[in-house]
Number of protein chains: 2
Amino acid sequence: MSMQGSGGAGTRKGPIRPDTVVDAALALVELGGLASLTMRRLSDALGTQPPALYRLFRDKDALVDAMADAVLASALGPLPEADWETRVSVLAGRLRAAMLGQRDGARIVGGSYTSRQPTMALADSLLAAMEEAGFTGETAVWAMTTVFSYVLGEALEQQGRTGVDLEEAQATFSTEDYPHLARSPLAALLDFDTRFAFGLRMITAGLREGAQGFPPG
Amino acid sequence: MSMQGSGGAGTRKGPIRPDTVVDAALALVELGGLASLTMRRLSDALGTQPPALYRLFRDKDALVDAMADAVLASALGPLPEADWETRVSVLAGRLRAAMLGQRDGARIVGGSYTSRQPTMALADSLLAAMEEAGFTGETAVWAMTTVFSYVLGEALEQQGRTGVDLEEAQATFSTEDYPHLARSPLAALLDFDTRFAFGLRMITAGLREGAQGFPPG
DNA sequence: ACCTGAACACCGTTCAAGT
DNA sequence: ACCTGAACACCGTTCAAGT
């Protein structure tokens with residue numbers, strides 16, 4: 001009589017597979033956030049014991065790396081035949097959507113220091129676009145990372161802010177100390193889609209110019 | 001006979017102050033990384049007991065928020081009288097330097113969701129520059145966040161990568177699957193200073209154009 | 001080969017009690 | 001007012017043992 005854990009995972013046939021564990025882990029994060037992910041809760045959800053997970057992943061960090069891979073995988077797919085600016089926008093949008101599609105997705109991806117398959121595929125596509133834009137060698141690599149870093153930063157900010165603290169923040173600061181801030185429409189900070197579209201547009205515009213020779217200034 | 005903790009903090013006169021705790025916490029992170037920061041180790045380093053910290057900070061997250069403030073504070077200072085592009089570069093450079101100046105600084109700042117004083121001051125200065133560039137209303141706010149997100153993303157990447165995995169990564173992928181990546185000088189990824197200067201230049205160039213009217217395309 | 005039981009050395013946080 | 005002692009309910013990880 002083998003009791004399945006109280007986590008309510010269905011009966012398994014055969015050994016646990018890494019994919020099953022990763023999916024269950026992402027589901028736990030979706031429910032309770034990254035901080036709520038523990039090896040014990042995860043093994044419970046899978047109807048097994050913690051040591052069973054350590055046969056598949058060296059430690060918790062290795063599991064999170066695999067989770068990052070899974071998140072990024074959803075950003076892959078065939079690219080439309082289009083000019084480089086369009087392709088960069090599509091790739092950046094997909095990368096963002098992949099991270100936003102999973103609770104704490106940006107933190108999962110950003111905290112993962114390994115360069116695995118989906119990252120490679122995305123990087124290669126971005127690199128191709130940058131080369132078509134006119135960048136070569138180091139500058140193509142840097143143009144690629146500029147987009148990566150921006151997208152990651154934006155996704156992190158979006159998944160971080162609650163929106164509640166914004167109003168109390170605007171109430172907190174004195175108009176004299178921060179005159180520009182006080183006069184600004186801070187609600188625009190929460191219009192994440194337009195905000196991202198704007199930033200991405202600025203970056204592609206800069207790249208368009210920069211491709212004509214760096215450093216330009 | 002009151003034993004001071006084995007952590008070796010000097011004798012205190014009067015109650016513990018928040019600043020002392022924040023400084024000690026940042027020192028612990030500097031030594032062992034953010035993951036090594038625990039309330040118990042921290043109280044030990046301060047020669048006290050964990051509950052003493054909870055009288056100063058609601059919980060560990062509140063402490064990390066205060067640490068983020070301290071990290072960002074080092075980015076403040078008088079700005080040179082110069083054109084907006086120079087000022088944006090100086091502000092972005094300082095923000096970056098502040099985060100890089102502390103081990104795991106980007107993670108500390110990026111994981112902090114409160115908008116406190118130093119963030120406000122930085123935002124106000126950036127906003128002023130963006131208004132001088134020609135942006136108004138929402139677009140000025142978005143131009144500011146574009147720079148913020150990029151700088152945060154870059155700092156995160158720099159403090160994440162070890163540099164060791166880069167070579168094994170390039171060995172891993174097949175030349176056929178990722179042709180552009182295989183042909184690229186990936187060592188450029190680790191030239192973080194030039195990489196940052198490049199990206200920042202692309203962004204300011206894009207903003208210069210974008211200020212002439214968004215959306216431009 | 002794959003998993004369980006049990007333990008080790010920790011955590012964050014709280015509560016009563018001391019001075 | 002400020003801190004200590006002691007405990008609660010957890011952690012990640014390992015190791016021996018089971019089948």
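All values below come from the heavy atoms of this structure, side chains included, with hydrogens, waters and symmetry mates left out. Here is how names work: the chains are called A, B, and so on, in the same order as the sequence lines, proteins then strands, and each is numbered from 1.
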Dot-bracket summary - DNA chain D, pairs being Watson-Crick or G-U whose distances fall under 3.5 Å, with | when paired to another strand: ||.|||||...|||||.||
Per-nucleotide protein contact string for nucleotides 14-19 of chain D, where B marks a base within reach and S marks sugar-phosphate only (heavy atoms under 4.0 Å, - for neither): BB----
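The CG atom of L127(B) sits 11.0 Å away from atom CG of L91(B), with the distance rounded to the nearest 0.5 Å.
Comparing atom distances between the R40(B) side chain and each of dC2(D), dG5(D), dT13(C) picks out dT13(C) as nearest. Counting only heavy atoms from C-beta on, P15(A) has its side chain closest to dC2(C) among dG12(C), dC2(C), dC3(D).
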side-chain hydrogen bond (donor to acceptor under 3.5 Å, both in side chains) evaluation trace for T194(B) with D191(B): CA-CA 6 Å; T194(B) 320; D191(B) 184 3; 2.8 Å; yes
Working for side-chain hydrogen bond (donor to acceptor under 3.5 Å, both in side chains), residues Q49(B) and R40(B): CA-CA 7 Å; Q49(B) 302 302 119; R40(B) 297 176 112 105; over 6 Å; no
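Heavy atoms of L37(B) sit under 4.0 angstrom from primed sugar atoms or phosphate atoms, though from no base atom.
One finds a side-chain N or O of R41(B) lying less than 4.0 angstrom from the OP1 or OP2 phosphate oxygen of dC11(C). For dC3(C), the OP1/OP2 oxygens have no side-chain nitrogen or oxygen of T48(A) closer than 4.0 Å.
Checked against the 6.0 Å centroid criterion, the rings of Y150(B) and F148(A) do not qualify as a close aromatic pair.
No donor-acceptor pair under 3.5 Å is formed between the side chain of E154(A) and the backbone N or O of F196(A).
In this structure, Q49(A) atom CD and dT13(D) atom P are separated by 16 Å, rounded to whole Å.
Here the separation of dA9(D) from dA9(C), taken at their P atoms, is 22 Å to the nearest Å.
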